[in-house]
Amino acid sequence: MPATGLSIGYVLVLWWVSTGLILYLDGLPRWTFRWTILGATVLLVAGVLGLVASRDEPTVTGALTAFTSAVLVWGWNEVLFLTGALTGSYRGGCPEGIRPGRRFRLAASAILHHEIGLAASGLAVIALTWGGDNTVGAWTFAVLWIMRLSAKLNIFLGVPNVGAEFLPAHLAHLASFFRQAPMNPLFPASIAFGLGGLALLVAGAVAAEGASFERIAATLVATLLGLAVVEHLFMVLPIRSADLWRWGFASHAARPIQPPQAGVPGLTATPKDTTRGVP
């Protein structure tokens with residue numbers, strides 16, 4: 001049990017620190033971004049090497065190495081996106097009153113290059129671990145990928161807390177594609193899917209023996225999935241999740257972390273249909 005608790009604690013600390021660090025870096029002056037990207041690329045190389053080194057290591061150390069390595073690969077993609085180095089072909093905001101289909105196409109094109117980068121990275125992680133005895137890296141990246149895509153779709157469709165305050169100033173135009181609404185049909189399915197996967201992983205961890213590779217591997221991925229479910233719940237609960245990373249927002253001194261109701265360009269404060277008669 002101590003090993004299981006330490007594994008849970010490790011994921012919690014890694015999640016909190018890495019999120020806050022990226023928030024801090026993407027709020028710095030833009031001339032610093034080249035150094036941020038360079039540092040993230042060095043960590044990417046470390047992540048790739050870690051995945052290769054641990055693919056045939058079904059041990060506790062191997063599980064931790066693979067998990068951390070997959071997070072480093074994911075983090076590289078997040079840095080490229082949040083610094084604006086890799087976003088999409090469309091760089092404008094969402095025009096008011098357009099039809100839902102066009103809104104979706106514009107939103108997709110605004111982040112398309114980032115999504116392609118994530119897909120390519122995910123396939124690379126799978127390829128690097130394919131046939132090995134340790135697939136923790138692949139499962140880790142899959143959880144991050146699927147749950148982040150779910151979060152993006154839910155924010156697009158409409159939730160009470162859209163998290164616009166997490167966008168750096170140079171990506172503020174993306175908030176125009178967000179929609180505030182009491183609920184959307186996808187959200188309950190996202191929560192059910194996440195909880196179902198979490199139950200399976202917890203059951204696998206409980207069934208495994210002692211501080212075995214199987215238990216630690218399942219615990220690491222389960223904790224990550226549990227955090228992803230919590231992040232989804234932040235979208236609907238009356239909680240300011242930004243308060244968890246006040247230190248990360250220190251570089252955003254000129255911007256409030258309290259999400260403005262009317263201060264984000266194009267942000268829909270109430271769900272209503274404005275698309276009729278608009279081409």
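For clarity, every value in this text was computed on a predicted model and none was experimentally measured. These numbers come from the heavy atoms of this one structure, side chains and all, not from hydrogens, waters or symmetry mates.
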Is there a path from [X] to [Y] through hydrophobic residues (I, L, V, M, F, W, Y) whose side chains come within less than 4.5 Å of each other?
X	Y	answer
Leu72	Ile22	no
Leu153	Leu167	no
Leu86	Ile116	no
Ile155	Leu186	no
Leu227	Val13	yes

Tell me, do [X] and [Y] make a side-chain contact under 4.5 Å, heavy atoms counted?
X	Y	answer
Leu14	Phe67	yes
Asn161	Phe234	no
Asp56	Asn134	no
Ile146	Phe193	yes
Thr140	Leu224	yes
Phe213	Glu57	no
Met235	Met183	no
Thr4	Arg215	yes

Side-chain H-bond candidate by donor/acceptor type, [X] with [Y], under 3.5 Å:
X	Y	answer
Tyr10	Thr68	yes
Asn184	Asn154	yes
Thr41	Trp76	yes
Ser190	Ser150	yes
Glu115	Trp145	no

Kindly indicate, with the supporting measurements, whether the criterion side chain to side chain contact (heavy atoms under 4.5 Å, CB included) is fulfilled by Thr87 and His114.
CA-CA 5 Å; Thr87 55; His114 170 60; 5.6 Å; no
For the aromatic rings, using the six-membered ring if either is Trp, is the centroid distance between Phe156 and Phe178 under 6.0 Å?
no
Is the distance between the ring centroids of Phe166 and Phe249 less than 6.0 Å?
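Yes; Phe249 has its ring centre under 6.0 Å from that of Phe166.
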Verdict with reasoning, His113 to Ser89, per side chain to side chain contact (heavy atoms under 4.5 Å, CB included)
CA-CA 7 Å; His113 299 160; Ser89 56; 4.1 Å; yes
Nearest heavy-atom neighbours spanning [X] and [Y]:
X	Y	answer
Ala218	Gly204	CB-C, 4.4 Å
Phe187	Val159	CD1-CG1, 4.4 Å
Gly194	Met147	CA-CE, 4.4 Å
Ser18	Trp15	OG-O, 3.4 Å
Ser69	Gly47	CB-O, 3.1 Å
Gly93	Ser176	CA-OG, 3.3 Å

Output the distance between atom [atom1] ([X]) and atom [atom2] ([Y]), rounded to the nearest 0.5 Å.
X	Y	atom1	atom2	answer
Leu171	Arg91	CG	CZ	9.0 Å
Thr83	Asp26	OG1	CG	8.0 Å
Thr135	Leu51	OG1	CG	11.5 Å
Cys94	His173	SG	NE2	11.5 Å
Leu149	Leu118	CG	CG	9.5 Å
Ser121	Leu128	OG	CG	10.5 Å

Side-chain ([X]) to main-chain ([Y]) donor-acceptor, under 3.5 angstrom:
X	Y	answer
Ser7	Ala3	yes
His170	Leu82	yes
Trp245	Trp16	yes
Arg55	Trp130	yes
Ser251	Tyr24	yes
Arg103	Phe177	yes
Arg179	Leu157	no
His252	Leu23	yes

I would like to know whether Arg148 and Glu78 meet side chain to side chain contact (heavy atoms under 4.5 Å, CB included); could you show each step before the answer?
CA-CA 11 Å; Arg148 180 58 59 87; Glu78 287 294 288; 2.9 Å; yes
Side chain to side chain contact (heavy atoms under 4.5 Å, CB included) evaluation trace for Phe81 with Leu174
CA-CA 12 Å; Phe81 175 67; Leu174 294 177; 3.7 Å; yes
Report, as yes or no, whether the 6.0 Å neighbourhood of atom CZ on Arg34 holds more than 12 heavy atoms from other residues, nucleotides or ligands.
no
Within 6.0 Å of CH2 in Trp247, more than 12 heavy atoms from elsewhere
yes
Answer yes or no for Arg105 and Tyr90: cation-pi contact, defined as NZ/CZ to six-membered ring centre under 6.0 Å and angle to ring axis within 45°.
no
